[in-house]
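To start, the structure under review is shown below, and the notes come after it.
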Amino acid sequence: MATAFKVEPAEPVLSVQGLTTSFRVSGDWHAAVRDVSFDLAHNETLALVGESGCGKSMTALSIMGLVPKPAGRITAGRIMFEGSDLVSLDREAMRRIRGNRISMIFQEPMTSLNPVLTVGFQVAEALRYHRAMGGAEADRAALDLLEQVKIPSAARRFKDYPHQFSGGMRQRVMIAIALACRPQVLLADEPTTALDVTIQAEVLALLAELKQAYGMSMVFITHNLGVVAAIADRVAVMYAGEIVEVAAVRELFRRPRHPYTELLLRSIPRVDRHVSHLETIEGQVPSIAAMPAGCRFAPRCPLREARCDAPPPLAGAAHHVVRCWVRSEGGGHG
Amino acid sequence: MSRAAAIGRRRGFSHALGELLRAFNTNVTSWIGLGIFLTIVLLAILAPVLAPYDPLEQNIVARLKGPSEQFWFGTDVYGRDILSRLLYGARVSLIIGTTATLIAMVVGSAIGILSGYVGGRVDLAIMQLMDVLMSFPTLIMGLMIVAVLGASMGNLIFAIALTAIAPFARIARAPTIAIKQRDYIEACRALGYSDLRIMAVHILPNVMAEIMVMGSLWLATSIRVEASLSFIGLGLKPPTPSWGGMVREGFEVILDNAWLSIFPSLAILLIIFALNMLGDGLRDAVDPKLRGGE
Ligand SMILES: Nc1ncnc2c1ncn2[C@@H]1O[C@H](COP(=O)(O)OP(=O)(O)OP(=O)(O)O)[C@@H](O)[C@H]1O
Ligand SMILES: [Mg+2]
């Protein structure tokens with residue numbers, strides 16, 4: 001009896017193993033996501049951070065089986081979820097998982113709802129589709145969901161159209177739709193980036209609350225480390241399609257090891273700093289067709305050495321791994 | 001307000017139509033067009049009640065009578081009352097025109113949305129086929145089909161519908177190509193919705209307004225083509241009254257008894273005029289960018 005409620009610690013809800021997603025650029029396939037691996041524990045929030053173009057969205061879309069065809073495809077790796085490998089699942093089976101067992105919300109609340117369908121209809125639709133609920137039952141459940149995501153006077157607004165809602169309210173509706181079928185995993189791709197700061201905080205709080213209430217796991221994509229501190233348990237930093245550092249959120253903020261992570265942390269705008277002191281990272285993420293042969297960050301790295309001409313492995317103790325020749329030895333930095 | 005009452009059914013179509021009607025409201029010519037059209041529809045429906053005579057009943061004594069108190073619009077060569085024939089003829093025009101337009105609307109929109117949504121080679125092939133269909137003038141196409149298959153009501157409808165499919169496919173395809181790139185369609189995919197559901201529930205309501213505009217304009221064309229086919233003798237067989245057929249019959253005696261042709265001609269003109277007013281108004285209501293287009 002005592003063990004009946006014990007959660008198996010070793011069993012991840014989602015396990016991404018060696019995921020490589022490539023795009024065809026002028027005839028050749030290039031990896032936009034390369035050898036990405038991570039486990040997502042039950043009820044855990046993993047933040048995926050990195051600059052624009054580093055492959056965060058593509059990682060999430062790969063999990064969803066939504067890599068844009070025919071330009072892109074998953075070229076290697078496994079995505080284990082509920083006992084099956086999503087990469088090799090057929091279209092029909094994948095469709096039953098999307099929006100049902102794994103959901104995704106996007107950055108643009110203003111355009112992610114169909115303008116000619118009522119908000120209530122769009123929430124109920126997910127339930128009718130995946131749960132085969134009847135019209136009235138789905139509507140009742142949809143109204144409950146709208147109340148759960150704290151749409152004020154949800155009953156009165158059930159038949160309103162998206163344009164009658166503000167950006168923050170629309171993102172709440174998107175969350176209600178994504179969570180309608182109580183998914184195991186929510187992939188949130190910069191869900192608060194398009195919102196102003198106060199609304200952003202509200203939506204983050206709501207996501208955290210619902211994650212707890214539903215017992216789901218979340219992959220939270222953002223390039224904003226301030227948001228990471230507010231919501232994540234663990235952080236994976238991505239650079240140029242690769243994971244370069246993974247650690248628990250406090251560990252990463254206190255003892256960042258990859259030089260890229262350090263630079264990212266220093267570029268967080270803070271109230272106690274003047275805007276003029278805000279650091280930006282020099283240079284750009286290399287394009288997927290022109291990746292350096294060695295460490296992908298080397299061209300922009302202040303710590304660059306000769307050995308960085310060879311690709312570094314992801315190394316370190318299990319709770320904190322880093323992909324850097326200079327920093328992977330000797331533990332922390334001084 | 002009770003929760004149950006708050007939740008009602010409201011679908012995309014009603015929204016699309018609602019939007020259309022709202023914009024339509026301010027447009028006087030549309031209302032005049034709609035008024036005239038609905039009046040003609042009503043007259044056609046009430047023909048058995050309103051018609052003073054049996055449209056088929058011949059009356060040798062009253063041949064080729066001019067308009068009078070007894071026969072408002074006069075009589076034809078067989079002494080049949082022209083007003084009664086006009087009222088019944090409206091039914092033929094409306095049934096053939098409306099059915100053909102509806103078929104073309106449904107089939108054409110489905111083809112257009114599918115083609116635009118699937119894209120690639122399938123789209124290319126379908127659109128080339130549509131171009132071939134479009135290259136036949138409506139009347140020529142109708143002529144060929146009726147000449148080969150015979151002039152039954154079904155064949156007339158088929159012939160007219162076939163020529164109207166391509167324009168509906170085109171009008172539905174263009175916005176579909178734009179809409180399928182929208183974030184909310186990507187969101188639908190992320191929800192696992194099937195392609196069929198995405199097309200029927202999420203794209204169709206977005207292109208409904210354009211289809212409706214096209215529908216009213218093509219209704220006018222269908223009625224005109226039916227009248228033209230009847231005029232050249234490829235319409236429904238006599239003695240069934242049809243407006244085009246009546247113009248044809250009157251044509252033989254036009255120099256002495258012009259009213260035989262004039263009244264059905266005016267009827268054809270009036271309904272086409274009304275439907276074009278309606279369609280133009282709807283088009284302006286739907287999208288100012290479409291004004292003066294095509
Ligand atoms: N259709 C495509 N064709 C070719 N390359 C693509 C395509 N889509 C994405 N990529 C490549 O994949 C890389 C990763 O893109 P992704 O959208 O995952 O970045 P991201 O980290 O989500 O950035 P952002 O913060 O801007 O959303 C990009 O650098 C881009 O070069
Ligand atoms: Mg992205």
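Each chain gets a letter, A, B and so on, in the order its sequence line appears, and its residues count up from 1.
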Approximate separation, where rounding is to 0.5 Å, of B/Leu124 CG and B/Leu129 CG = 12.0 Å
note = Okay, A/Glu125 and chain B: the region with an atom under 4.5 Å from a heavy atom over there is both
inquiry  = Could you check whether any side-chain N or O of A/Asp189 sits under 3.5 Å from a backbone N or O of A/Ile221, counting only pairs where one atom can act as donor and the other as acceptor?
reply    = no
request  = Verify, without hydrogens or angle tests, whether A/Glu147 (side chain) and A/Ala154 (backbone) share a donor-acceptor contact under 3.5 angstrom.
outcome  = no
inquiry  = Please report the interatomic distance OG1(B/Thr163) to CD1(B/Ile145), rounded to the nearest 0.5 Å.
reply    = 7.5 Å
request  = Give a yes or no on this: more than 12 heavy atoms of other residues, nucleotides or ligands lie within 6.0 Å of atom CZ of B/Phe136.
outcome  = no
ask   = Taking all non-hydrogen atoms of both residues, which atom of B/Ser93 and which atom of B/Glu226 are closest, and how far apart?
value = OG-OE1, 3.4 Å
request  = Without swapping roles, check the side chain of A/Arg172 against the backbone of A/Leu146 for a donor-acceptor pair under 3.5 Å.
outcome  = no
query = So which residues of residues 184-193 of chain B are in contact with chain A at a heavy-atom cut-off of under 4.5 Å?
reply = B/Tyr184, B/Glu186, B/Ala187, B/Arg189, B/Ala190, B/Leu191, B/Gly192, B/Tyr193
query = Which answer fits A/Arg91, side chain, backbone, both or neither, if we ask what part of it has an atom under 4.5 Å from a heavy atom of chain B?
reply = side chain
note = Listed by number, the residues in residues 97-112 of chain A that come under 4.5 Å of chain B (heavy atom to heavy atom) are A/Arg98, A/Gly99, A/Met104, A/Phe106, A/Glu108, A/Thr111, A/Ser112
request  = For the pair A/Arg140 and A/Glu137, evaluate salt bridge (charged side-chain N to carboxylate O under 4.0 Å, His left out) and give the outcome as yes or no after the intermediate values.
outcome  = CA-CA 5 Å; A/Arg140 261 193 313 278; A/Glu137 189 191 2; over 6 Å; no
key: A/Thr75 versus A/Thr20, side-chain donor and acceptor atoms under 3.5 Å   = no
task = Tell me whether the guanidinium CZ or amine NZ of A/Arg182 lies under 6.0 angstrom from the six-membered ring centre of A/Tyr214 and within 45° of its axis.
result = yes
